[in-house]
Amino acid sequence: MSLFTRRALLAAVATPPPPQVAVILSANAEWREVRKHFPHIAYQRGPYGEYFFDNLDGQRTLIAQGGWGKVSAAASAQWIVSNFNPSGILNIGTCGGVEGRIKRFANILATRTLIYDIKEAMGDPDEAVRHYTVDLDTSWASNPPLPVARLPLLSADRDLVPADVESLVQHYGVSVVDWESGAIAWVASRNQKRVAILRGVSDLVNPTGGQAYGNESAFIEGTAVVMRPLLDTLPEWVRLFTPSRGTSGGAGRRK
């Protein structure tokens, strides 16, 4: 055996396999809860935030902070796909809810992601929104470890504006909103990766205001409440989402 062949074999043995699942979180408040839940992990630093690997239910799992907003969400999702090549992407975290349509602290497993703050003035605005809409398969979670509401999840680079609530309910039937899931789902689907969005409602908004607006502590407290059970049950979610371990599910389907 040549020295070159020996080195190649050693390098192949030393290189760990791609993670089955990459778990992405976005907001800083969400990542603080991750830090509390995994206090003794060897954290590494990437271009968009910290990340680490852990063995969840026998699966090598990447857990990473992708950053808040659509730009960081899209860029970090592509960075994770390009550098680690996971079989699937599971985005967990928080979302806002429309008061009267969803309860605070409810868990959401998204059936569709839609980016609603696209303003197309030259052509059909609905067609522009459809371009970034992704339908999600949730059949893999037939027996989820937490109760979940299966609903569309709308994204925008802003908090839900109270004055927009009624029109968004009328146009999209909105119940829950966030900043990043639409970008993450779209990038995953473009890369033909399985994708799921699992989030908890940290605070509610109505046509006159929001629980966390001007009161960031309400969001911080709500984040802690919804993140604890999501992190406690994360190994079970990873097991279900992994095709060889749970019910197989497909990649997001672009509209």
Side-chain angles (χ1 to χ4, degrees), residues 22-31 34 46-51 62-84 86 88-98 108-136 151-161 164-165 167-168 171-172 174-203 205 210 212-213 216 219 223 251-255:
V23 179
I24 300 178
L25 298 95
S26 302
N28 293 332
E30 297 164 1
W31 193 251
V34 171
Y48 304 101
E50 293 180 321
Y51 69 94
L62 168 66
I63 302 176
Q65 184 184 16
W68 59 269
K70 288 185 298 191
V71 173
S72 290
S76 59
Q78 186 62 59
W79 179 77
I80 286 168
V81 168
S82 299
N83 285 274
F84 302 107
I89 290 176
L90 174 61
N91 172 227
I92 71 171
T94 60
C95 61
V98 176
I108 307 301
L109 188 61
T111 58
R112 169 182 290 181
T113 56
L114 182 152
I115 298 174
Y116 71 89
D117 62 338
I118 300 170
K119 302 297 183 182
E120 168 63 72
M122 296 180 293
D124 181 357
D126 289 333
E127 182 180 356
V129 170
R130 284 194 298 269
H131 177 74
Y132 287 106
T133 296
V134 179
D135 287 333
L136 302 172
L151 294 168
L153 180 56
L154 275 62
S155 296
D157 263 335
R158 61 179 182 179
D159 289 320
L160 180 58
V161 177
D164 291 346
V165 169
S167 63
L168 288 173
H171 197 70
Y172 297 115
V174 62
S175 296
V176 283
V177 298
D178 74 347
W179 289 54
E180 301 89 12
S181 63
I184 293 169
W186 193 80
V187 169
S189 70
R190 298 294 287 191
N191 284 274
Q192 297 298 304
K193 297 294 183 181
R194 299 174 67 249
V195 59
I197 310 293
L198 173 66
R199 291 184 174 241
V201 179
S202 58
D203 54 279
V205 181
Y213 295 175
E216 189 177 5
F219 168 67
T223 297
R253 300 183 297 280
R254 295 189 298 279
K255 292 296 285 182

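Hydrogens, waters and symmetry mates are skipped; everything else that's a heavy atom, side chains included, is used.
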(request) Give the intermediate values and the outcome of side chain to side chain contact (heavy atoms under 4.5 Å, CB included) for residues Y172 and L114. (result) CA-CA 9 Å; Y172 297 115; L114 182 152; 3.8 Å; yes
(message) To the nearest 0.5 Å, what is the distance between CG on L151 and CG on L109?
(response) 9.5 Å
(request) List the steps, then state whether side chain to side chain contact (heavy atoms under 4.5 Å, CB included) holds for I108 with V201. (result) CA-CA 8 Å; I108 307 301; V201 179; 4.1 Å; yes
(request) Would you name the heavy atoms of W68 and A27 that are closest together and state the gap between them? (result) CB-CA, 4.5 Å
(request) Verify side chain to side chain donor-acceptor pair (under 3.5 Å) between S26 and Q65, making sure each step is shown before the conclusion. (result) CA-CA 5 Å; S26 302; Q65 184 184 16; over 6 Å; no
(request) Quick one: closest heavy-atom pair of R199 and L153, and the distance? (result) CD-CD2, 4.0 Å
(request) Verify the distance criterion only: is there a donor paired with an acceptor across the side chains of E180 and S155 at less than 3.5 Å? (result) no
(request) Report the distance from atom CD1 of I115 to atom OG1 of T133, rounding to the nearest 0.5 Å. (result) 7.5 Å
(message) Rounded to the nearest 0.5 Å, what separates atom CG in N91 from atom CG in L25?
(response) 7.0 Å
(message) Using every non-hydrogen atom in the two residues, find where V195 and I197 come nearest and quote the distance to one decimal.
(response) CG2-CD1, 4.3 Å
(message) Run the side chain to side chain donor-acceptor pair (under 3.5 Å) test on Q78 and N191 for me, step by step, so that the C-alpha distance in whole Å, both residues' side-chain angles and the decisive distance to 0.1 Å come before the verdict.
(response) CA-CA 8 Å; Q78 186 62 59; N191 284 274; 2.9 Å; yes
(request) Over all heavy atoms of both residues, which pair between Y116 and D159 is shortest? Give the atoms and the distance, please. (result) OH-O, 4.4 Å
(message) Quick check: closest heavy atoms across I80 and A22, and the distance to 0.1 Å?
(response) CG2-CB, 3.8 Å
(message) Pair R112, V134 - check side chain to side chain contact (heavy atoms under 4.5 Å, CB included), show working.
(response) CA-CA 6 Å; R112 169 182 290 181; V134 179; over 6 Å; no
(message) The criterion is side chain to side chain donor-acceptor pair (under 3.5 Å); which residues satisfy it with E50, sequence neighbours excluded?
(response) W31, R35
(message) Applying side chain to side chain donor-acceptor pair (under 3.5 Å) to S181 and D178, what does each step give before you reach the verdict?
(response) CA-CA 7 Å; S181 63; D178 74 347; 3.0 Å; yes
(message) Can you tell me how the ring of H131 sits relative to the ring of W186, calling it parallel under 30°, perpendicular over 60° and tilted otherwise?
(response) tilted
(message) Nearest 0.5 Å, please: how far is CD in E120 from CD1 in I118?
(response) 9.0 Å
(message) Nearest 0.5 Å, please: how far is CG in L90 from CG in L62?
(response) 11.5 Å
(request) Taking all non-hydrogen atoms of both residues into account, name the closest pair between T111 and P152 and its distance. (result) OG1-N, 3.3 Å
(message) side chain to side chain contact (heavy atoms under 4.5 Å, CB included) for I184 and S76? Distances and angles first, verdict last.
(response) CA-CA 9 Å; I184 293 169; S76 59; 5.9 Å; no
